[in-house]
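Here the structure comes first, spelled out in structure tokens, and everything after it is commentary.
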Amino acid sequence: MMKARRADFLTSASEPAGFPRPELPEIAFAGRSNVGKSSLINAVVGVPGLARTSRTPGRTRLINWFRVEAAVGGSLALVDLPGYGYAAVPHQLRRAFRPLVESYLVGRDALRAVVLLVDARRGGEDEERELLAYLAEKGIPVQVVLTKSDKLAKAARRPTAAAVKRQLGLARDPLLCSASRAEGLDELWRFMLARIAAPGGRPPGPRVSV
Ligand code: GTP
Ligand code: MG
């Protein structure tokens, strides 16, 4: 299985002024609170506890950067974005998430792709559609990942993936991943490595300085 040769916490930021200098191509992990972003980052690099995980939704309130050396060579940064859509997070905090995530997505030239996580049992909702439309408009490549696939019966996996594909109007099948059972991780690596290797990164567009 593909893993990381090395992975380190780089930095975290609560505002654009704290974003690190973009020295590596970045893959950002986005999705609803508690969907399993931090767990999937840990599973994909093979380092439990690298990104902090919790049963309490809203755990990740900052943007966190991890520097990763892929086992096949090449370095990249994985970016753990704060989760959206959790009602119990105080209103003011929720309002702060969106501008922070948006200022990252809109202004980050190093960003090569977003991995959008969707709970396999929950499916895509308005927030996911909105985020997909936003990313499409910005020309940012996306891979949708259905998380916690271990909670689905084997026979339900493919139909669930097909349903989410329809629901969200995706061109490609979503990947089924389980952080706890280490499923779908090679496919996710293949996507990330292809985005890192792609020439040019993001298409030229309006620059927003942050
Ligand atoms: P926020 O930081 O709050 O936005 O959450 P997150 O998206 O980073 O989720 P996190 O990785 O902290 O996981 C949330 C909960 O889901 C934890 O209790 C995890 O143990 C559980 N979880 C994550 N991935 C999986 C998985 O693949 N299978 C199962 N069964 N549980 C998982
Ligand atoms: Mg998290």
Side-chain angles (χ1 to χ4, degrees), residues 1-4 7-14 18 26-68 77-102 104-105 113-128 130-132 142-154 156-158 160-161 164 174-189 191-192:
M1 194 210 289
M2 289 188 234
K3 274 191 185 161
D8 303 284
F9 171 74
L10 197 58
T11 191
S12 48
S14 60
E26 297 180 353
I27 306 281
F29 287 62
R32 204 170 279 284
S33 253
N34 212 44
V35 71
K37 298 174 294 295
S38 303
S39 301
L40 189 59
I41 287 176
N42 292 339
V44 86
V45 300
V47 182
L50 180 67
R52 287 171 72 186
T53 64
S54 170
R55 284 179 189 284
T56 315
R59 168 81 254 176
T60 311
R61 290 181 179 179
L62 306 169
I63 301 183
N64 292 296
W65 279 260
F66 302 95
R67 179 204 299 274
V68 173
L78 300 185
V79 183
D80 194 2
L81 296 173
Y84 52 79
Y86 185 65
V89 172
H91 212 68
Q92 239 175 327
L93 258 176
R94 260 199 291 165
R95 283 213 315 267
F97 283 179
R98 203 177 157 125
L100 179 64
V101 170
E102 274 181 14
Y104 172 80
L105 293 174
V114 169
V115 176
L116 173 57
L117 283 68
V118 175
D119 192 312
R121 296 162 305 171
R122 185 162 177 159
E125 294 166 87
D126 284 348
E127 284 94 337
E128 283 76 33
E130 215 177 284
L131 187 52
L132 283 167
V142 186
Q143 174 65 60
V144 172
V145 163
L146 296 178
T147 61
K148 311 188 188 183
S149 67
D150 54 283
K151 301 234 177 184
L152 291 179
K154 274 244 154 62
R157 294 183 186 183
R158 289 175 67 114
T160 301
V164 172
L175 290 179
L176 282 157
C177 289
S178 166
S180 47
R181 299 258 177 88
E183 284 167 5
L185 305 181
D186 282 354
E187 289 87 344
L188 183 53
W189 266 116
F191 169 76
M192 297 197 297

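On a predicted model such as this, the values are computed, not experimentally measured, just so you know. Just follow the structure's listing: the first ligand is 1, and inside any ligand the first atom is 1.
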Closer than 4.0 angstrom: is that true for some heavy atom of Gly31 and an atom of ligand 1?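 No heavy atom of Gly31 comes that close to ligand 1.
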
If the condition is salt bridge (Lys or Arg N to Asp or Glu O under 4.0 Å), which residues does Arg181 pass it with, not counting sequence neighbours?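 Listed in chain order: nothing, the list is empty.
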
List for me each residue that meets salt bridge (Lys or Arg N to Asp or Glu O under 4.0 Å) alongside Asp8, sequence neighbours excluded, and say none if there are none.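 If we apply the salt bridge (Lys or Arg N to Asp or Glu O under 4.0 Å) test to Asp8, skipping adjacent residues, the hits are Arg6.
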
For ligand 1, which atoms have a heavy atom of [X] less than 4.0 angstrom away?
{"X": "Gly83", "answer": "4 (O)"}
{"X": "Ser39", "answer": "10 (P), 11 (O), 13 (O), 19 (C), 23 (C), 24 (N)"}
{"X": "Val35", "answer": "7 (O)"}

Can you tell if the side chain of Val79 reaches within under 4.5 Å of the side chain of Ile27, non-hydrogen atoms only?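 In short, these two side chains do not touch, never coming nearer than 4.5 Å.
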
Is any side-chain heavy atom of Met192 closer than 4.5 Å to one of Val44?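 Of all side-chain heavy-atom pairs linking Met192 with Val44, at least one is under 4.5 Å.
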
Heavy-atom count check: over 12 atoms from other residues, nucleotides or ligands less than 6.0 Å from Arg158 CZ?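 Atom CZ in Arg158 is not packed in, count stays at 12 or less.
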
Looking only at N/O atoms, are [X] and ligand 1 under 3.5 Å apart anywhere?
{"X": "Asp80", "answer": "no"}
{"X": "Asp150", "answer": "yes"}
{"X": "Arg52", "answer": "no"}
{"X": "Ala179", "answer": "yes"}
{"X": "Gly36", "answer": "yes"}

Are Arg157 and Glu183 ion-paired here, with the side-chain N under 4.0 Å from a carboxylate O?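 A salt bridge is present here (some side-chain N lies under 4.0 Å from a carboxylate O).
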
Closer than 3.5 angstrom, by distance alone: can the side chain of Asp186 be matched with the main-chain N or O of Met2 as a donor-acceptor pair?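 Such a contact is found between Asp186 side chain and Met2 backbone.
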
Heavy atom under 4.0 Å from ligand 1: found in Lys151's side chain, backbone, both, or neither?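 Looking at Lys151 and ligand 1, just side chain atoms fall under 4.0 Å.
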
Compute whether any side-chain donor of one residue and acceptor of the other, for Asp119 and Thr147, lie under 3.5 angstrom apart.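 Short answer, no.
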
Provide the closest heavy-atom pair for Val118 versus Gly124 in the form atom of the first, atom of the second, distance.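 That closest heavy-atom pairing would be CG1-N, 3.8 Å.
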
Could you check which of Thr147, Asn64, Asn34 puts a non-hydrogen atom nearest to atom 15 (C) of ligand 1?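 Among Thr147, Asn64, Asn34, the closest heavy atom to atom 15 (C) of ligand 1 belongs to Asn34.
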
Compare Arg32, Lys37, Lys148 and give the one whose heavy atom is closest to atom 16 (O) of ligand 1.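 Heavy atom nearest to atom 16 (O) of ligand 1 belongs to Lys148.
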
Restricting to N/O/S atoms, is Ser38 within less than 2.8 Å of the Mg ion (ligand 2) or not?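 Coordinating: yes.
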
